[in-house]
Amino acid sequence: MITPLPAIDVPSPARTVIQLLEDAGFEAWCVGGFVRDAVMGRPAHDVDLASNASWQQLKALCDSAGIPVREIGVKHGTLTVLLEGEALEVTTYRIDGAYSDGRHPDQVSAARNIEEDLKRRDFTINAMAYHPERGLLDPFGGQRDIEAGVIRTVGNPRERFREDALRILRACRFVSQLGFQMDEATFQAALSQKSLLGGVAVERVRDEMERFLLGAHVHDALLGTVDILAFPFPELVAMKGCQQHTPYHIYDVLEHTAWAVQNIAADPILRWTMLFHDMGKPGAKFEGPDGISHFYGHAKISVTLAAAVMERLGFSNHRQAQILALVKRHDDVIEPQRRPVRRALSRLEGNPELFRKLCAVKKADASAQAPQCAPRMQLANQLVQVMEAVLAEGEAFSLKSLAANGRDAMDAGIPQGPAVGEALSAALEAVIEGALPNQREELLAFLQNWAIGR
């Protein structure tokens, strides 16, 4: 069924390839996320095309027209066309066979028409096609589901998820990105088949979860899909319903976390940090005689849990180090004065950008607490201002910023080896505390005295 729709602005490279194919007697349609986003009125980029031409036929047409191509994905019928500085993927209409590995079809055969090709796709909102002249082709009600804010599979949801279990997380991700909800059949299929995610490569789980965390509606999505996410992330289970009976909180640990994730910039480091920052609270929780909840040492447990999650999902060492530092320090009390800020910078290995991220974490954490904690957000802003003053004045807060180095320490009589680092660390400590100016002559005298007193 072709549905009336205001004209979609199809980028010039896609129009050129459609015309090239149709002048040769073939047909082509815009498909995928471009069509979905255009129907929703969102900025639409990265056009994909589907055509009844084989990739070899399209390549011959492009060769004749002097248009370069890349034979990437030709095993599955996809040719990449390079035009006007863009890479345009064109895929032959296809029907997927059985998915014995839960990811790739065992075999791919040519489909007779665009409707058959759309039938193999995951969700109705992704199973629409658009042609600049023929309009919107919507055989499975994708436009209707967009209007209703619904994520629904094409056909039987259990079959779609058995074909590729990652679609379970993709459904959750669309809830987060678009603010939609899964229809009941899709949700129940995802919930009952979440164990299929155990067969998905950890890298795919990590990347899909990161897209989920970066969504504009992540708060609602995290609360609404936590029982599905609990299979790849069982650490979330204990957070659900873990009440925080304190004057500083109005949500349980999970909802507090969901708001904290929502209220911080859509940066991967920051959003993973907020997901992890209070993960240790259920393990640390106890209640005093007055019924007040306490979570002493929860940051340390959160670090342990976050490290385990990131290790099993294959995070890079650099990303792990940043996130763990932020989780570890998220609850540190830092007065908005130069000495405490210098000390906090030192604990973050003298990284001003990481300190800015820590302040953003503190601000988001406070935003998800009781209203009386709102002044903590202003405190986080003040900490950034103090740090900027420390940087502007060139104050020392790391070994790199000391006016003396390892050679100076050895010249002062300290033997080469670990003692050099110990002496410089002691000097830095004195400078941070304001007991010693960051001037070379004073530092040399300090190092000489340190060497004598060893």
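Worth knowing before you read on, the calculation uses all heavy atoms, side chains too, and leaves out hydrogens, waters and symmetry mates. Here the structure is a predicted model, which means the values were calculated and not measured.
For residues 364-388, the set of pairs meeting the salt bridge (Lys or Arg N to Asp or Glu O under 4.0 Å) definition, not counting sequence neighbours, comprises R356-E388. Judged as a salt bridge (Lys or Arg N to Asp or Glu O under 4.0 Å), the pairs with a partner in residues 213-233 (not counting sequence neighbours) are, in order, D227-K240.
In this structure, a donor-acceptor pair under 3.5 Å is present between the side chains of S54 and Q57. Side-chain contact, H131 with E22: a donor N or O sits under 3.5 Å from an acceptor N or O. At a cut-off of 3.5 Å, with distance as the only test, a side-chain donor of H256 or H277 sits close to an acceptor on the other residue.
Between the side chain of R206 and the backbone N or O of G314, at least one donor-acceptor pair lies under 3.5 Å. Although no hydrogens or angles enter the test, the distance criterion places no donor-acceptor pair under 3.5 Å between the side chain of D278 and the main chain of K281.
When all heavy atoms of F187 and G224 are compared, the pair lying nearest together is CE1-O, 3.5 Å. For the residue pair A190 and F161, the shortest heavy atom distance occurs at N-CE1, 3.5 Å. A pairwise comparison of heavy atoms in A258 and H219 identifies CB-CD2, 3.6 Å as the closest pair.
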Taking it one step at a time, do D122 and R160 satisfy salt bridge (charged side-chain N to carboxylate O under 4.0 Å, His left out)? CA-CA 6 Å; D122 52 7; R160 292 288 83 79; over 6 Å; no
Do E84 and R15 pass the salt bridge (charged side-chain N to carboxylate O under 4.0 Å, His left out) test, and can you show the C-alpha distance, the side-chain angles, and the key distance before you say yes or no? CA-CA 12 Å; E84 298 180 27; R15 287 179 175 271; over 6 Å; no
Salt bridge (charged side-chain N to carboxylate O under 4.0 Å, His left out) between R329 and E349: does it pass, once the steps are laid out? CA-CA 12 Å; R329 299 296 177 187; E349 298 185 353; over 6 Å; no
Could you go step by step and tell me if K300 and D331 meet the salt bridge (charged side-chain N to carboxylate O under 4.0 Å, His left out) rule? CA-CA 10 Å; K300 186 174 182 179; D331 234 10; over 6 Å; no
Residues 33-43, side-chain donor-acceptor partners within the protein, below 3.5 Å, at least two apart:
residue, atom, partner, partner atom, Å
R36, NH1, N126, OD1, 2.6
D37, OD1, R42, NE, 3.3

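For the pair R134 and W29, the cation-pi test (distance below 6.0 Å, angle within 45°) is passed.
Evaluated for a side-chain contact (heavy atoms from CB on, under 4.5 Å) with M182, the options I228, L191, V150 yield exactly one hit, I228.
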